[in-house]
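Numbering of ligands and ligand atoms starts at 1, following listing order. One is the number of the first residue; the rest follow in order along the sequence. Only heavy atoms go into these numbers, but all of them, side chains included; no hydrogens, no water, no symmetry mates.
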Amino acid sequence: MIKFPEQGMASGELLRQMGDLERQDADWKGGKTWALVYYAEDELYRLAKEAYGMFFSENALNPMAFPSLKKFENEVIAMTADLFRGGPEAAGNMTSGGTESILLAVKASRDWAREKRPEAKEPEMILPITAHPAFEKAGHYFGVKPIHIPVGPDFRAEVDQVRRAVNKNTVLIAGSAVCYPYGVIDPITEMAAIAKENGICFHTDACLGGFMLPFLKKLGYPIRDFDLSVPGVTSISADVHKYGYGPKGSSTIIYKNSELRKHQFYIYADWPGGIYASPTMLGTRPGGAIASAWAVLKHLGENGYLRLAEEAMKVSRTLMDGIAAIPALRVMGKPEMPVFAFDSDTVNIFELGEVMGGKGWFLDRQQLPPALHLIVTPNHSRIAEPFLQDLRQATAELAKKGKSDASGMAAIYGMIGTLPDRNAARRIVVDFLDDLFKEK
Ligand SMILES: Cc1ncc(COP(=O)(O)O)c(C=O)c1O
């Protein structure tokens, strides 16, 4: 058992130990990870780190003390609102990530409905099954019941089902641009129109696509509308720490107007410690993330994002074509940006994930149905070919064996994914997490 250190350790020795540990982590800079890290290029990376370091200690809980942070946050929101055609009324905040942005959107919609739709006594929100679990988490925390809508063969939400699911308790409809599992945009225009007709809120989750889709559209890709200019869209979330290439802990939540945003704020006026006013979920808000996000957006500008969007699309095309050319594998649906999944009828896809893992590639596993998932960034350009080579070889080896029962982790993924009792699946994962967060 680790004990609280009695004596402090010299910084040099500590940093050496940390460096040793870091070298054992997934090699994201070498392009080996296909999720979790969005890395574009070294100059940008160094700027982001330096800007973070400069504002490392500042706290955006009370921006009156730090006008610099107030400026950075307001400008990040203004620039992003402009990107999403929000108009002069748009109002938002920076948050610690996509999950916090979505939690706030759900909370604000619920509280808005308490005032404007008192008949919604048991609040519900309508979500495509592909919506990010952050909505489920929000529903769990804030008592808003998720109503799940199926997606069609193109993996986009079925609009008719959305219409049918609306009732007096509905406070929010949400759609993704793009959804994480398949990289496609839900029919936001049609879904938001239903929200508008019924006088309820609509949230576009552009956490993943927000800093990619507007640039792809400018480059001439056929991107359907998803932003604040779509009638009925009342809020949108977009993560600077994904395709914005900003530091971890930077996201945005933007509402159509400040009247909606007011339902996001939390105020406690009766505390002896003073009037407590908190704009988002967190108390202390790290100044570093806000300052660094501002620096990254200003440094890249539209021309920088256009260049990076084109690069990511190019390498994603190479990867999708390379995967589609492997007879046993199939790219799922028609991804609209450099995020996609692939599956197989003839090899065990989780076993393929394990074999690729053995070769140092870190791929996310999906379920319902089983698939492997890739988030592609410009950094993957130089490793696309070695990756495809490993994938071809691994698939050919497994194809010889056929789609047999897998063993090890592949079997565990398969088992959890297919357990008919989802509560049992949840219990297995709770125990797994409990074990994971223990010092051993
Ligand atoms: C579409 C979408 N929404 C929300 C999130 C949640 O973002 P975060 O992990 O920053 O909380 C993600 C994360 O991948 C996402 O892809």
The salt bridge (charged side-chain N to carboxylate O under 4.0 Å, His left out) partners of R392 (sequence neighbours excluded) come to E385
Sorted by chain and residue number, the salt bridge (charged side-chain N to carboxylate O under 4.0 Å, His left out) partners of D321 (sequence neighbours excluded) come out as R317
What does the N/O contact table under 3.5 Å look like for ligand 1?
residue, atom, partner, partner atom, Å
ligand 1, 3 (N), D205, OD1, 3.3
ligand 1, 3 (N), D205, OD2, 2.7
ligand 1, 7 (O), K242, NZ, 2.8
ligand 1, 10 (O), G98, N, 3.0
ligand 1, 10 (O), D239, OD2, 3.4
ligand 1, 10 (O), H241, NE2, 2.8
ligand 1, 10 (O), K242, NZ, 3.0
ligand 1, 11 (O), G98, N, 3.4
ligand 1, 11 (O), T99, N, 2.7
ligand 1, 11 (O), T99, OG1, 2.5

Assess whether a salt bridge exists between D431 and R427, defined as any Lys/Arg side-chain N lying under 4.0 Å from an Asp/Glu carboxylate O.
no
Residue pairs meeting ring-ring contact (aromatic ring centres under 6.0 Å, His included), one or both in residues 48-70, sequence neighbours left out, come to F55-F72
Q | NZ/NE/NH1/NH2 to OD/OE distance under 4.0 Å, R85 and D225 | A | yes
### Message
Salt bridge or not between R307 and E310? Use side-chain N to carboxylate O under 4.0 Å.
### Response
no
